[in-house]
Each structure stands twice: as C-alpha cells, then as structure tokens.
Amino acid sequence: PGLMQAANEGVKLADPDGTHQKSVGIRVELPFEQDVNAFVTQAFEHKTFFTRLHHFVLVSDAFIVTPGGVGTVLETLMVWQLLQVRHLRDTPLILAGAHFCDGLLDWTRATMLRPDMPLVNPEDLTIPQVLPDAPAIIAAVREHHAKWAARQG
C-alpha cells in the first residue's frame, strides 16, 4: 500500500463508523494506475491532471507534501505559487521531512534570491514549512485549525 492508502486508512481508524469524517480520493485516469483503495468513502475521477489539481486545491484546508515524483513536485510548486500570489490564503503548505525537499529549497534560495536578479521576495521562501515528522505536522495542523476556528466564532 502507498502513502495515499495509508492516509485513507488513518481516517477510517480515527472514525471507524464514518460519522464524523470522510476519506476523499481525487484521482486522474491513468491506464497503469490501480483502482481506488478500499478506505476511500468518496471518489472523484478526472481525465486531466489540471482538473484534478484544481479540485484538490479547492477542497483542501492544508497541504502536506510527502516524498513523491514529478507530479508531487509540480503540485507542490503550484500550491506554493497560489499562496505566493494570494490566490490561496492562510493555508498551510507543509513539507514532511527535510530531506525530500532540501535540494529544491536550496536551489530556490540560491537561484531566485540572487542579488543581481531577484525573482521572488524573501518572505515567499517562508511559505512552505518544513516539519520533521508526523507529531510536528499534526501539531501544526491543529494549531492552524484552532486559529481558524477562533476567527470563525
């Protein structure tokens, strides 16, 4: 089982009868992909990566990035850009574990903050939070949710 199945299974373990939480799967149709895993309670199928990412962005309250391939990097950079230009606001972008994105973050600092040709503002590089492990990530999401709830009430 992959990371997505593990996340879906975690939702099921936290709410066995499914009365408080649902586990959503947002997929793109690929000929070599497996079927929706058994722990998904609501599945959406998309024909393109673009519509899948748009759907994903619209329904997410936080973005937690775990190691992945080119698609993961593409989606991470797209979310980062949406936060940078404030098309998304007050939504955590959390990079799980420092090692997966170290090179990307180093490259961004070295290349995009060059004094002779700055391409981003220094504060743009503070958008993604690098957190070392699940307890730190859970704490950050809970803290963000508490601040959001306080503003709502």
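The analysis underlying the following values was restricted to heavy atoms, covering all of them including side chains, and did not include hydrogens, waters or symmetry mates. Along the sequence shown, residues are numbered consecutively beginning with 1.
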Within a strict 4.5 Å, meaning less than it, do heavy atoms of the [X] and [Y] side chains meet?
| X | Y | value |
| --- | --- | --- |
| Thr51 | His55 | no |
| Leu105 | Leu125 | no |
| Leu104 | Leu77 | yes |
| Asp61 | Trp148 | no |
| Leu88 | Leu93 | no |
| Met78 | Leu82 | yes |

Hey, quick one: are Met112 and Leu74 part of the same hydrophobic cluster, counting side-chain heavy atoms closer than 4.5 Å, chains of contacts allowed? no

Is Val85 reachable from Ile127 through a run of I, L, V, M, F, W or Y residues, each pair having side-chain heavy atoms under 4.5 Å apart? no

All side chain to side chain donor-acceptor pair (under 3.5 Å) counterparts of Arg142, not counting sequence neighbours: none

Looking only at heavy atoms, what is the nearest atom pair of [X] and [Y], with distance?
| X | Y | answer |
| --- | --- | --- |
| Leu53 | Glu75 | CD1-CG, 3.7 Å |
| Pro132 | Ala136 | CD-CB, 3.8 Å |
| Ile94 | Ile137 | CG2-CG1, 3.8 Å |
| Leu131 | Ala140 | CD1-CB, 3.6 Å |

Does [X] use its side chain to pair, donor to acceptor, with the backbone of [Y] at less than 3.5 Å?
| X | Y | result |
| --- | --- | --- |
| Arg86 | Gln84 | yes |
| Trp80 | Asp124 | yes |
| Thr72 | Val70 | no |
| Thr126 | Glu123 | yes |

So for atom CG, which belongs to Asn121, do other residues, nucleotides or ligands contribute more than 12 heavy atoms lying within a distance under 6.0 Å? yes

In Å and rounded to the nearest 0.5 Å, what is the CG to OG1 distance from Asp106 to Thr111? 10.0 Å

Can you sort out the partners of Trp107 under ring pair (Phe, Tyr, Trp, His ring centres under 6.0 Å), two or more places apart, ordered by chain and number? none

Salt bridge (charged side-chain N to carboxylate O under 4.0 Å, His left out) for Lys147 and Asp90? Distances and angles first, verdict last. CA-CA 10 Å; Lys147 288 178 185 175; Asp90 197 30; over 6 Å; no

